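Everything quoted here is computed from the prediction, not taken from an experiment.
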Number of protein chains: 2
Amino acid sequence: MARLRDMALRHAVLAALVHGEASGYELAKRFELGVANFWHAKPQQVYAELTRLREAGLVDGREVIQESRPNKRMFSITDDGLAMLDEFAASPTPLPVGRDDLMVAVQAIDVVGARSVLAGIDRRVDLAEQKLAALRELEQQILGERDEATFVRTTRHLGPYLTCRRGIRFQEEALEWCHWVRGVVDTWQQHGRAVPRP
Amino acid sequence: MARLRDMALRHAVLAALVHGEASGYELAKRFELGVANFWHAKPQQVYAELTRLREAGLVDGREVIQESRPNKRMFSITDDGLAMLDEFAASPTPLPVGRDDLMVAVQAIDVVGARSVLAGIDRRVDLAEQKLAALRELEQQILGERDEATFVRTTRHLGPYLTCRRGIRFQEEALEWCHWVRGVVDTWQQHGRAVPRP
DNA sequence: ATGTACATGTAATCGGTTACATGATTGC
DNA sequence: GCAATCATGTAACCGATTACATGTACAT
């Protein structure tokens, strides 16, 4: 059982496996296209991490031979993996640091020409709406016919719903801010921005 | 004038300089403690980036000799730097990827014991409230006596207000979600979570 | 024929973090 | 006397991204 340093992705992969086994390909997809809305990683990184986790005995991996498709490996979390997740969940987590290129452009709107920045805002609106649609679909999958109150009283799998709600609220908030920015910048531009009259 | 690759911090530092010169120390502080709420970096990284930017001719740096303190360097953006920011603002920016350790713990709440996760939520509430207080102070500094409508019609420096508002809204949303989680998890625990009755 | 989905990686590089170093001054 | 603030870095490391590689099957 090899040793592992304190890698960030490790716990995210373990968390993605708590509700049953999955193939590397499935996990890679989930982590790339944000269906796993609680973390993000490229496929190569996921495959590498799975290999390391298996060497460390934190996941089991079994080969599945397929006829009309390439073979695949199915992974599931071990007791050691669960123990590690437990330890992780009990340790304090820092505030995530925000890094968003669009915010840099917005910060500089006074000197870079508002037109470029507003174009960036519009692109962001599109992307956020796509993401939001995907998350709402996921929410529907989770809830099924049930309303929230019923779901919460009856489910065994609350975690995915909580993180999904976080993703939805985050994107909704981002969209509201984008629309607010459009309005404010329009007003600002109509009043001699660079040369306010005395 | 040395060449620079496409580093992420570069544009953020340039954006932080658009409203006048600043010392490396001032910039390092702003980037570390999130007063620059649109980006984040450690002091060492900021100093290194400033050196590179000066070699590339994107910022000017002048030495200021001080008596009762160590000497410092004051940096200001050049025309080349402004041109680079302009180009950056016109290029498309991707959706920022979310990576938050607390979300990983929440995702796994079904297996790791809700107590640890709720403790993490409480710590997050504290941190978010501190950050929120700092951002609201910054907002007051920006607005002064003016209300938003008046400010927008008269200011030349809209950018910092827009990003500050984003930071405030983000933290407010995070706090609301945390409180919602507390309530939902309490309900969930009161109804035989692991063994729902038939 | 052409492209998308399945399925899994290696190698090089980059951007960010951690650890460590230095030394004076101001306030408790 | 002791900690915090001012002021600036170097070196080593780690985690994430980018570019590249391989081959089958199914749908248009």
Side-chain angles (χ1 to χ4, degrees), chain A residues 3-13 21-36 39-55 59 61-75 93-101 104, chain B residues 3-13 21-36 39-55 59 61-75 93-101 104:
Chain A
R3 281 207 208 118
L4 286 185
R5 290 160 191 268
D6 213 19
M7 291 167 231
L9 178 58
R10 184 173 66 192
H11 309 106
V13 171
E21 70 174 1
S23 73
Y25 188 77
E26 281 168 344
L27 288 171
K29 284 249 133 172
R30 280 205 254 163
F31 274 90
E32 182 161 39
L33 291 169
V35 182
W39 202 264
H40 179 274
K42 298 271 140 102
Q44 302 95 312
Q45 210 186 339
V46 175
Y47 284 117
E49 196 59 44
L50 284 168
T51 302
R52 268 180 255 129
L53 285 169
R54 195 172 56 169
E55 280 164 12
V59 305
R62 61 183 184 90
E63 184 95 356
V64 174
I65 283 90
Q66 302 187 118
E67 293 150 28
S68 62
R69 281 155 196 285
N71 296 342
K72 63 180 175 183
R73 287 193 290 154
M74 298 294 290
F75 296 92
T93 58
L95 259 196
V97 294
R99 285 195 183 101
D100 184 344
D101 282 341
V104 177
Chain B
R3 280 206 211 121
L4 286 184
R5 288 160 192 271
D6 213 18
M7 292 168 231
L9 178 59
R10 184 172 69 192
H11 308 106
V13 171
E21 71 172 3
S23 72
Y25 187 77
E26 280 168 344
L27 289 170
K29 283 250 133 174
R30 280 205 255 164
F31 274 90
E32 182 161 39
L33 291 169
V35 183
W39 202 264
H40 179 273
K42 299 269 139 102
Q44 302 96 312
Q45 211 185 340
V46 174
Y47 284 118
E49 195 60 42
L50 284 167
T51 302
R52 269 180 254 129
L53 285 168
R54 194 170 57 168
E55 280 164 11
V59 305
R62 62 184 183 88
E63 184 93 355
V64 174
I65 284 89
Q66 300 186 119
E67 292 150 27
S68 60
R69 281 156 195 285
N71 296 341
K72 63 179 174 182
R73 287 193 291 155
M74 298 294 290
F75 297 93
T93 57
L95 260 197
V97 294
R99 285 197 184 101
D100 184 344
D101 282 340
V104 177

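Contact annotation: the side chain of Tyr47(B) never approaches that of Glu49(B) to less than 4.5 Å [non-hydrogen atoms, C-beta and beyond]. Leu9(A) has its side chain within reach of Phe31(A): a pair of non-hydrogen atoms, C-beta onward, lies under 4.5 Å apart.
Here CD of Gln45(B) is found 11.0 Å from CG of Leu50(B). Values are rounded to the nearest 0.5 Å. His11(B) NE2 to Thr93(B) OG1: the interatomic distance, rounded to the nearest 0.5 Å, is 12.0 Å. The CG atom of Leu95(B) sits 8.5 Å away from the CG atom of Asp100(A) when rounded to the nearest 0.5 Å.
For the OP1/OP2 pair of dG15(D) and a distance below 4.0 Å, the side-chain nitrogens and oxygens of Arg10(A) include no atom meeting the criterion. Regarding contacts with the backbone of dT8(C), a side-chain N or O of Tyr47(A) is found under 4.0 angstrom from either OP1 or OP2.
We find that NZ of Lys29(B) is positioned 14 Å from C1' of dT8(D), with the value rounded to whole Å. Summarising the geometry, the separation between CG on Leu27(B) and C1' on dA7(D) is reported as 13 Å, rounded to the nearest angstrom. Counting to the nearest Å, the P atom of dA5(C) and the CG atom of Asn71(A) are 21 Å from each other. Rounded to whole Å, the distance from CD on Glu32(B) to P on dT5(D) is 12 Å. Atom pair Glu63(B):CD and dA7(D):P shows a separation of 12 Å (rounding to whole Å applied). Rounded to an integer number of Å, the gap from CD1 of Ile65(A) to P of dT24(D) is 17 Å. Atom CG in Leu50(B) sits about 12 Å away from atom C1' in dG9(D), given to the nearest Å. Arg30(B) places its CZ atom 14 Å from the P atom of dA7(D), with the value rounded to the nearest Å.
Here the shortest heavy-atom pairing between Arg99(B) and Pro96(A) reads O-CB, 3.7 Å. When all heavy atoms of Ala41(B) and Val46(B) are compared, the pair lying nearest together is CB-CG2, 4.1 Å.
The overall bend of the helix from dA1(C)-dT28(D) to dC28(C)-dG1(D), read as the angle between its terminal helix axes built from five base pairs each, is 40° when rounded to 10 degrees.
With sequence neighbours excluded, the residues forming a side-chain contact (heavy atoms from CB on, under 4.5 Å) with Ser23(A) are Tyr25(A), Glu26(A), Lys72(A), Met74(A), listed by chain and number. Gln44(B) meets the side-chain contact (heavy atoms from CB on, under 4.5 Å) test with Lys42(B); sequence neighbours excluded.
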- Residue pair Arg73(B), Thr51(B): steps toward the side chain to side chain contact (heavy atoms under 4.5 Å, CB included) verdict: CA-CA 11 Å; Arg73(B) 287 193 291 155; Thr51(B) 302; 3.8 Å; yes
Please list each protein N or O that sits under 3.5 Å from an N or O in nucleotides 16-21 of chain D, with the distance.
| unit_1 | atom_1 | unit_2 | atom_2 | d |
| --- | --- | --- | --- | --- |
| dA16(D) | OP2 | Gln45(A) | NE2 | 2.6 |
| dA16(D) | O5' | Gln45(A) | NE2 | 3.2 |
| dA16(D) | O3' | Arg99(B) | NH2 | 3.2 |
| dT17(D) | OP1 | Arg99(B) | NH2 | 2.9 |
| dT17(D) | OP2 | Gln45(A) | OE1 | 3.4 |
| dT17(D) | OP2 | Arg99(B) | NH2 | 3.2 |
| dT18(D) | OP2 | Lys42(A) | NZ | 3.3 |
| dA19(D) | N6 | Gln44(A) | NE2 | 2.7 |

- Message: Strictly under 4.0 angstrom, non-hydrogen atoms only: write out the protein contact profile of nucleotides 22-28 of chain C, one letter per nucleotide from the 5' end, B, S or -.
- Response: -B-SS--
Only pairs under 3.5 Å count here: list side-chain donor-acceptor contacts from residues 61-68 of chain B, not counting sequence neighbours, and write none if there are none.
| unit_1 | atom_1 | unit_2 | atom_2 | d |
| --- | --- | --- | --- | --- |
| Arg62(B) | NE | Glu21(B) | OE1 | 3.3 |
| Arg62(B) | NH2 | Glu21(B) | OE2 | 2.6 |
| Gln66(B) | NE2 | Pro70(B) | O | 2.7 |

